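Written out below as structure tokens is the structure these notes cover.
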Amino acid sequence: MAELSKAYEPQLVEDKWYDFWLKQNCFTANPKSAKPAYSIVIPPPNVTGMLHMGHVLNNTIQDILARKARMDGKEVLWLPGTDHAGIATQVMVEKQLKKEEKKTRHDLGREEFLKRVWLWKEKHGDIIINQLKKLGSSCDWTRERFTMDPDYSRCVQKVFVELYKKGLIYRGKRMVNWCPVSQTALSDEEVEMKAQKGFMYHFKVEVAELPGTWLTIATTRPETIPGDTAVAVNPKDPRYTHLIGKHIVRPLPAELPREQKLIPIIGDEHVDFEFGTGVLKVTPAHDKADFDIGTRHKLPLIEVIHADGSMNDLTGADLRGLDRFKARKVAVEKLTEQEALVEAKPYENNVGYSQRADVPIEPRLSEQWFLKYPAVEPSKACVADGRMKFHPDRWAKVYDHWLTNIQDWCISRQLWWGHRIPVWSCVQKKNLPNGPQPHHFANLINLDFSLDDLMVVRISDGVVFSGKEFSTNGENISGEEFNFVLCGDYSEEEAKLLESDHFGFKRDSDVLDTWFSSWLWPFATMGWPEQTETLKKFYPTTDLVTGPDIIFFWVARMIMAGYEFMGEPQFGLPDALPFQNVYFTGIIRDKQGRKMSKTLGNSPDPIELITKYGADALRFGTMRGAPLGQDVMFDEKDVELGRNFCNKLWNACRFRQMQGGEVQGEIHPALLTNDDKWILLKLDAAIRELDTAFAAYKFSDATAALYRFFWNEYCDWYVEASKAVFYGTDDALKANTLAVIDFILSHTLRLFHPFIPFISEELWHGMGFSTDMPEDQGGQTIMYAHWPKPFDADFTAHYGLEACWLDIVNAKYEFVTQGRNLRREGNIPANKKVKFQFKPAAEPTPHDQEVLKILLNAESLEVVAADFQPRKGTPTLRGAIGELFMPLEGLIDVAAEKARLQKEIEKFDSEILKVEQKLANPNFTTKVPAAVLEDHRNRLIEWQAKREHARAALNALEG
RNA sequence: GCGCGGUUAGCUCAGUGGUAGAGCAUUACCUUGACACGGUAGGGGUCACAGGUUCGAACCCUGUAUCGCGCACCA
């Protein structure tokens, strides 16, 4: 290959290899493959979205898993795609419309508006996909899916119809979480409770039947007084029992005649007499709890707030038209004017906020579609009994708790962008065959309708009729006029016919919650409901990687959908788990610990980081700082670390390249130096560490192990020691060392590949490691090279890799460190070569002598005889492998060196004392495991030896 | 209120009972023939606090403090 440049330049490398992988179809999953399957579905990012640090973390982990699985010989499917993200996308397009054309979506109309959304999607929808590619994501792009794809939409529709027919989906008029800004209902999960500072207002009302008797009511929402239809007290509250059944005079709207302002005092157990004044105003149309009270007592409902959060006409002259918060202030003023206000004290309470629009939710009565969750029990059980594993497992408890307490899911949204609810209705006149009747369109439009497929529902109370309610000539004989409701997974063509003037059906105008489509993601993306090759091969998926913030929104619902729709016998899946493992990432925060957000502007643009440092650097840095289960404090320094590391890897390969010689020559056991054996043993340990880390999904451990092995073991010691060989003249030894280096590097690059795919691929080819490999096992790409295995017994025996070599070489390196320390204490500049004298404890090999010389930056290393005595005052080091003397060449600070040795001796003293005390304790010596006892004894000997060495060095300085 | 997580070096974090670790920052020296995105050697920690268990606790137990998160909430 061409000579490597001095510094690694990712921009010259990354796009090139990504294009290569794509062209060679490296990411494409083959369902016909005989290899075992490994699959992941991507958590689909919003189609409107931009890549943020959360995506980086999440997708890097998925890519690591996918690439590792390929190297493990699996057939890998990582299935990508995007989510249509109902509200977010609609809001974005509406904003643009407002900005560019000063129009609202209503100005355009539904059809035209949706055209705009699709245009927007076509234009911007692939931004985030391209960003994922920049990151190196090895997704099978040939299978990219979008939740609004026609196929996918049919899945959503089919699912709705099935659940409807099972009676799990129903329509009802309920209190829902209403977002006045987005003007749609939201599910409970989309409501965020926030502490809010406000006031608790106490106001008094007169009991109508007992003039002069007043009740004081506490409320935080005086603006809803016009909607009050009762006040409630606890029937057991002695202060108020005698008043139940009487009435009070509601103070607002002020202008109403007194008789229209009378509302009853009722008794209800819900009222807590400790709280407030023990008197509760009941606003059934604007509060969930009040609605329940209202139902129990058959209270009238008075709606006083419009959908947009402004007050309606029923609130009277003072409040009408005002925004609800402005109205609150005015209501307080009015109460004050009436001398009804008793006090207003500062008060903090929790208020539900719309997660999307960040405004307080308005509980509102409206007609919505709800889903009774299916397959709840098996979904709970599979996690509880450990068949599906959560990492970290504490999320299992959170999941279980949620599933134990779930309420029906409000799935309809008053939006335009999304899957429209597949329900059509038209009014059926009583006893008149004037409208379209079931058998009519069965005949007329030649569709294969049968009456059993038609769900006929009377909206008023939800009673389901059967087709028998019609006479044979299509007459409605049910005795009353009702809505004829069709729910079916009709094709677009069929729907058009239904909506034609001839039939006059109108489709429900609402769309479904986005999550009602994404909960089908693991199988709807694989061709369901057909029993496709892909489904057969890759479903259930292996791993899911996602954030814990969507554990309820998405993970739990996917599990339920998996059981409900994939548990069927035709799929031959006894266990319908949609995935086997769920990895929950941490949340990425900024340096101050704040969640990354657009509004705070504290989220760095990952693409800028990639441009500046490279995708590998971003990946490696992010993974190193993201321990399992912990939030991540993001710091650009981490990415810098990643870049530095890549550069180190690059230059280590460059060093190898500069030595020339044959690539991947044969390693001769007889020629192995102890340094060779040491680094081979370290490589084996690193492989084992990586396997352990992968098994536990501990990617930060894996990157830390790689970092340590490559930088601190390979580069710092082995490469430096190898210079002793390369600067020498023994060609056989040089060739053998090159072979060892190539062995280490070719293994290391493979270990690195899942984490830093680009640079590892570049070097894999650049170093020539791909040349002798089979095409499908590394010849074409490192992606399919085999993942390194720990050394087996034969290998270890053949190369003589006994564990004792670690100790032997460690002693040598420790000696070097201490020798360098001697230089430093002697104020020898780093670039100055020094003459050392070495008195070895045992006959040293020429290789070891040469290694010591080079690592100590010695001009010479004179081996002296056992009876050699240096001049008094010569700085001396004693270690396990012998003694080192540094004959004085200049002034050395004897006092400082003595102080240092003194301090060292004190440290040794205290360590020795600690161990001695332990060993002197019979409780210790009798109870402790033999290995630990042995450790302590050895440690004592070591410390004592070190102390002796230090004392000797100190002695040598004296005089 | 219930549940979960954190508290270890200046900062960000590892560390599941037996010698307190990493990266960054910092100090000193060094551009030597892979790399200054670098090298070498240092300095720096009563492991939040208090009890308990144990021969031995950063680690296990109990409690406290504090920060963060989730769920549920009383107007």
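Predicted, not measured: the structure shown is a model, and the values here were computed from it.
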- Message: If you apply the rule salt bridge (charged side-chain N to carboxylate O under 4.0 Å, His left out), what do you find for A/K637 with A/D635, and how did you get there?
- Response: CA-CA 5 Å; A/K637 284 276 179 198; A/D635 188 337; over 6 Å; no

For [X], which contact category applies under a 4.0 Å heavy-atom criterion: base, sugar-phosphate, or nothing?
X      : answer
A/P929 : base
A/N821 : sugar-phosphate
A/W395 : nothing
A/R939 : base
A/V271 : base

Separation of atom [atom1] in [X] from atom [atom2] in [N], rounded to whole Å:
X      : N     : atom1 : atom2 : result
A/I217 : B/A75 : CD1   : C1'   : 10 Å
A/I588 : B/C13 : CD1   : C1'   : 14 Å
A/H270 : B/A75 : NE2   : P     : 9 Å
A/D638 : B/A14 : CG    : P     : 12 Å
A/K907 : B/G43 : NZ    : C1'   : 14 Å
A/L706 : B/A14 : CG    : P     : 18 Å
A/D272 : B/C73 : CG    : C1'   : 11 Å
A/E911 : B/A20 : CD    : C1'   : 11 Å

Whether each nucleotide of nucleotides 29-39 of chain B has a protein heavy atom under 4.0 Å at its base (B), only at its sugar-phosphate (S) or at neither (-) is summarised, 5' to 3', as BSS-BBBSBSB

By nearest atom, which of the nucleotides [options] is closest to the [X] side chain?
X      : options             : value
A/K698 : B/G15, B/A20, B/U12 : B/G15
A/N712 : B/A25, B/G23, B/A75 : B/G23
A/R394 : B/C4, B/G70, B/A75  : B/C4
A/P627 : B/A14, B/C73, B/A25 : B/A14
A/Y347 : B/G18, B/A75, B/G70 : B/A75
A/R624 : B/C73, B/G23, B/C74 : B/G23
A/K397 : B/C55, B/G23, B/C4  : B/C4
A/L641 : B/G44, B/G23, B/C24 : B/G23

Please give the distance between the [atom1] atoms of [N] and [M] as a whole number of Å.
N     : M     : atom1 : answer
B/A9  : B/G15 : P     : 15 Å
B/C59 : B/G52 : C1'   : 15 Å
B/G23 : B/U8  : C1'   : 15 Å
B/G18 : B/C60 : P     : 12 Å
B/A22 : B/A34 : C1'   : 24 Å
B/G38 : B/G21 : P     : 24 Å
B/U12 : B/A72 : C1'   : 34 Å
B/A57 : B/G17 : P     : 14 Å

Partner of [N] by Watson-Crick or G-U wobble geometry, both contacts under 3.5 Å, or none?
N     : answer
B/A22 : B/U12
B/A75 : none
B/C4  : B/G68
B/A36 : none
B/G44 : none

Is the closest side-chain donor-acceptor distance between [X] and [Y] under 3.5 Å?
X      : Y      : value
A/N821 : A/R824 : no
A/E850 : A/Y727 : no
A/H270 : A/D292 : no
A/E190 : A/S187 : yes

Closest non-hydrogen atoms of A/A232 and A/V282, given as atom of the first, atom of the second and distance, are CB-CG2, 3.7 Å

Run the salt bridge (charged side-chain N to carboxylate O under 4.0 Å, His left out) test on A/E859 and A/K833 for me, step by step, so that the C-alpha distance in whole Å, both residues' side-chain angles and the decisive distance to 0.1 Å come before the verdict.
CA-CA 5 Å; A/E859 184 184 328; A/K833 288 194 186 290; over 6 Å; no

Can you tell me if the side-chain N/O atoms of A/T817 get under 4.0 Å from OP1 or OP2 in B/U40? no

> Within the structure, does a side-chain N or O atom of A/K637 lie under 4.0 Å from either OP1 or OP2 of B/G23?
Replying inline: no

Quiz item: How about A/F755 and A/F645: are their ring centres within less than 6.0 Å of each other?
Solution: no

I'd like to know if the side chain of A/R624 reaches the main chain of A/G642, judged simply by a donor and an acceptor atom lying under 3.5 Å from each other, with no hydrogens or angles considered. no

Of A/N921 and A/E192, the one whose closest nucleotide on RNA chain B sits nearer the 5' end is A/N921

The residue, A/L628 or A/H936, whose nearest nucleotide of RNA chain B is more 5′ is A/L628

From the list A/F709, A/Y813, A/F710, ring pair (Phe, Tyr, Trp, His ring centres under 6.0 Å) partner of A/W717 resolves to A/Y813

The ring pair (Phe, Tyr, Trp, His ring centres under 6.0 Å) partner of A/F390 among A/F584, A/Y697, A/W395 is A/F584

